Each structure stands twice: as structure tokens, then as C-alpha cells.
Amino acid sequence: MDRRELVLALLASSDGCQYTPAQLQKAVFLVTRNMPQIVQGGGFHFVPYDYGPFDADVYNEAAALHHAGEAVVAPSGMGRWNTYAATESGITRGRALLRTLPAPAQQYLSDVSTWVRAQSFSSLVKSIYDTYPDMRENSIFRG
């Protein structure tokens with residue numbers, strides 16, 4: 001799948017539940033780092049940033065999905081950031097994309113989606129830093 005399809009597959013694996021920016025960034029990072037064969041055509045290029053791995057193209061792909069009617073990108077009620085979720089049509093197409101992957105990859109995407117959304121911001125960033133210390137380099141996180 002290409003980058004946009006990966007973002008959609010992750011959003012769809014949550015059945016329409018929202019992701020925070022950190023959750024979406026870290027989910028895409030984990031998949032591209034641990035199963036790079038899933039993403040064709042160059043993938044994402046994460047760099048160490050304020051709160052760990054970051055690639056602005058994750059948001060660009062989510063915005064493109066929003067414009068296509070397959071995702072909702074909406075202001076959060078808790079801050080100056082957006083939330084990300086699949087629409088009904090996005091869930092349908094995202095699930096179809098998931099089914100094209102081998103069973104272990106499908107399970108991994110589902111597990112990553114569930115795990116990142118279950119973490120607090122601090123726990124998520126700390127877990128990523130503990131496992132991928134190379135992504136701590138430019139951090140401002142002190143948790």
C-alpha cells in the first residue's frame with residue numbers, strides 16, 4: 001500500500017475512534033519502522049522532533065483523506081490541535097486495504113492502533129523513547 005492507504009488503514013482499524021496527533025504520528029512510525037515492507041513508494045521519513053518521531057507528511061496524507069471524504073480532521077475540544085478519524089466510507093475502504101495484507105501485518109496494524117490509543121501522551125512518548133532512543137535526539141519532553 002502507499003502512504004495514504006497506510007494512514008487510512010490505521011484510521012479504519014480504530015472503527016472511527018479518534019486519534020490525537022501524537023497517536024497518529026507514533027502509529028505510522030511504528031508500522032513504517034517495524035514493517036517497512038507494507039509501505040511502497042518511499043514511505044515516510046521520520047526525524048527526531050520535540051516529542052519523538054515526526055513526519056509532517058502524516059498530516060498531509062490525513063488532510064488528503066479528509067478532502068476525499070474518507071477521514072475527519074477536526075479541532076479537538078481540549079487544545080489547539082486536531083483529531084483524526086475515519087469516516088464510514090473511510091472505514092469501508094480502509095478495512096478492504098487491511099484485508100490485502102498478510103494476516104500478521106493485519107494483526108500488527110490492529111495491535112498498534114489499539115495500543116497507541118490506549119496510552120496517555122506521556123506514556124506513549126516515553127515508550128517510544130525507551131524502544132527507539134534514536135528518536136529522542138531533539139526532544140523537549142521531560143516526562
Side-chain angles (χ1 to χ4, degrees), residues 1-91 93-98 100-102 104-143:
M1 64 180 54
D2 65 24
R3 297 178 338 166
R4 188 166 304 153
E5 291 169 336
L6 172 61
V7 173
L8 181 58
L10 282 164
L11 292 175
S13 67
S14 74
D15 294 325
C17 293
Q18 295 178 339
Y19 284 77
T20 67
Q23 291 167 343
L24 185 59
Q25 284 283 335
K26 298 336 174 228
V28 175
F29 168 76
L30 288 169
V31 173
T32 58
R33 175 64 76 96
N34 297 323
M35 295 193 111
Q37 69 278 12
I38 289 177
V39 184
Q40 305 304 309
F44 291 93
H45 304 286
F46 286 90
V47 296
Y49 199 61
D50 293 350
Y51 300 102
F54 178 80
D55 186 335
D57 285 337
V58 172
Y59 299 140
N60 295 336
E61 297 297 355
L65 290 166
H66 174 75
H67 293 298
E70 294 181 317
V72 175
V73 178
S76 77
M78 299 173 43
R80 294 177 14 195
W81 41 272
N82 290 325
T83 60
Y84 304 86
T87 62
E88 286 300 318
S89 64
I91 292 169
R93 190 164 87 86
R95 286 181 181 162
L97 289 166
L98 283 167
T100 68
L101 297 173
Q106 290 179 41
Q107 188 62 54
Y108 185 72
L109 264 71
S110 176
D111 291 348
V112 164
S113 174
T114 300
W115 182 79
V116 298
R117 289 179 303 99
Q119 302 302 306
S120 69
F121 176 81
S122 295
S123 175
L124 179 59
V125 174
K126 183 177 180 339
S127 295
I128 294 293
Y129 285 167
D130 288 348
T131 307
Y132 307 94
D134 59 308
M135 288 293 143
R136 180 184 282 259
E137 184 178 327
N138 296 319
S139 180
I140 61 172
F141 177 74
R142 301 292 175 238

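Treat the numbers as computed from the prediction; the structure is a model and nothing was measured.
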Inset, instruction - I would like to know whether Ile38 and Leu109 meet side-chain contact (heavy atoms from CB on, under 4.5 Å); could you show each step before the answer? - result: CA-CA 10 Å; Ile38 289 177; Leu109 264 71; 3.6 Å; yes

Might you point out which heavy atoms bring [X] and [Y] nearest each other, and give the distance in Å?
| X | Y | answer |
| --- | --- | --- |
| Ala62 | Leu24 | CB-CD2, 4.3 Å |
| Leu8 | Leu65 | N-CD1, 3.7 Å |
| Asp15 | Ile91 | C-CD1, 3.6 Å |
| Gly16 | Ala85 | O-CB, 3.5 Å |

I'd like to check [X] versus [Y] (side-chain heavy atoms, cut-off strictly below 4.5 Å). Are they in contact?
| X | Y | result |
| --- | --- | --- |
| Ser127 | Trp115 | yes |
| Phe121 | Phe141 | yes |
| Asn82 | Ser76 | no |

Nearest-0.5 Å distance that lies between atom [atom1] in [X] and atom [atom2] in [Y]:
| X | Y | atom1 | atom2 | result |
| --- | --- | --- | --- | --- |
| Asp50 | Ile140 | CG | CD1 | 4.0 Å |
| Leu124 | Thr20 | CG | OG1 | 7.0 Å |
| Tyr51 | Ser139 | OH | OG | 8.0 Å |

Inset, instruction - Applying salt bridge (charged side-chain N to carboxylate O under 4.0 Å, His left out), name anything that partners Arg117, two or more places apart in sequence or on another chain. - result: none

Legend entry - Qualifying residues under salt bridge (charged side-chain N to carboxylate O under 4.0 Å, His left out), relative to Asp130, sequence neighbours excluded: Lys126

Inset, instruction - Give a yes-or-no answer on whether the side chains of Ser89 and Thr87 include a donor-acceptor pair shorter than 3.5 Å. - result: yes

Inset, instruction - Go through the side-chain N and O atoms of Tyr19 and Ser113 and say whether any donor and acceptor fall under 3.5 Å apart. - result: yes

Inset, instruction - With sequence neighbours excluded, give me every side-chain hydrogen bond (donor to acceptor under 3.5 Å, both in side chains) pair touching residues 34-48. - result: Asn34-Tyr108, Asn34-Tyr132

Inset, instruction - Any chance you could lay out the side-chain contact (heavy atoms from CB on, under 4.5 Å) test for Leu30 and Ile128, step after step, and finish with the verdict? - result: CA-CA 9 Å; Leu30 288 169; Ile128 294 293; 3.8 Å; yes

When you measure from the side chain of [X] to the backbone of [Y], do you find a donor-acceptor pair of N or O atoms at a distance under 3.5 Å?
| X | Y | answer |
| --- | --- | --- |
| Ser110 | Gln106 | no |
| Ser14 | Leu11 | yes |
| Thr100 | Leu97 | yes |
| Gln25 | Asp55 | yes |
| Lys26 | Pro53 | yes |
| Ser123 | Gln119 | no |
| Glu5 | Asp2 | yes |

Inset, instruction - Validate the cation-pi geometry between Arg3 and Phe44: distance from NZ or CZ to the six-membered ring centre under 6.0 Å, angle to the ring axis within 45°. - result: yes

Inset, instruction - Test Ser13 against Leu98 for side-chain contact (heavy atoms from CB on, under 4.5 Å), laying out the working first. - result: CA-CA 8 Å; Ser13 67; Leu98 283 167; 4.1 Å; yes

Inset, instruction - Determine whether the aromatic ring centres of Tyr59 and Tyr84 lie less than 6.0 Å apart. - result: yes

Inset, instruction - Starting from the C-alpha separation in whole Å, work towards a yes-or-no answer on side-chain contact (heavy atoms from CB on, under 4.5 Å) for Gln18 and Val72. - result: CA-CA 9 Å; Gln18 295 178 339; Val72 175; over 6 Å; no

Inset, instruction - Flag the pair Arg4 and Asp57 as a salt bridge only when some basic side-chain nitrogen lies within less than 4.0 angstrom of an acidic carboxylate oxygen. - result: no

Inset, instruction - Report the relative orientation of the aromatic rings in Phe29 and Phe46; use parallel for angles under 30°, tilted for 30 to 60°, perpendicular for over 60°. - result: perpendicular

